[in-house]
Amino acid sequence: MDYINVQVVEWLPISVKGLSTMNDDDGFTIILNGKHSVETLLNTYIHEMSHILNDDFSNIISASELETIRHEEC
């Protein structure tokens with residue numbers, strides 16, 4: 001992991017608190033939905049970091065199963 005780029009945007013639907021993606025250069029981008037409160041953004045950031053730190057982008061488990069696992073950890 002070379003870097004983590006964090007962006008707060010307001011173009012996501014309100015139902016999406018945030019998301020993370022692995023970039024082509026092995027860095028990551030976390031996108032947070034600025035329509036939510038600071039507390040929600042912090043919790044979402046922690047959640048997205050858990051995906052990165054647990055190497056979920058290389059996992060063979062489906063994204064929906066990973067979401068269930070990560071939400072149970074919080």
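As the structure is a prediction and not an experimental result, all values here were calculated from the model.
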Keeping to residues at least two apart or across chains, list the side chain to side chain donor-acceptor pair (under 3.5 Å) pairs with something in residues 16-25.
-> Tyr3-Asn23, Tyr3-Asp25, Ser20-Glu48, Asn23-Thr29
Going hydrophobic residue to hydrophobic residue with side-chain gaps under 4.5 angstrom, can you get from Leu53 over to Phe57?
-> yes
His36: ring pair (Phe, Tyr, Trp, His ring centres under 6.0 Å) partners, not counting sequence neighbours = none
Which of these passes side chain to side chain contact (heavy atoms under 4.5 Å, CB included) with Phe28: Ile52, Asp2, Asn5, Val6?
-> Ile52
Between the CG atom in Leu19 and the NE2 atom in His51, the distance rounded to the nearest 0.5 Å is 10.0 Å
Minimum-distance pair of heavy atoms, taken over all atoms of Ile14 and Asn33 | CA-ND2, 3.9 Å
hydrophobic_cluster_shared for Val16 and Ile30, side chain cutoff 4.5 Å | no
For Val9, what residues pass the side-chain contact (heavy atoms from CB on, under 4.5 Å) criterion, not counting sequence neighbours?
-> Gln7, Trp11, Leu12, Ile31
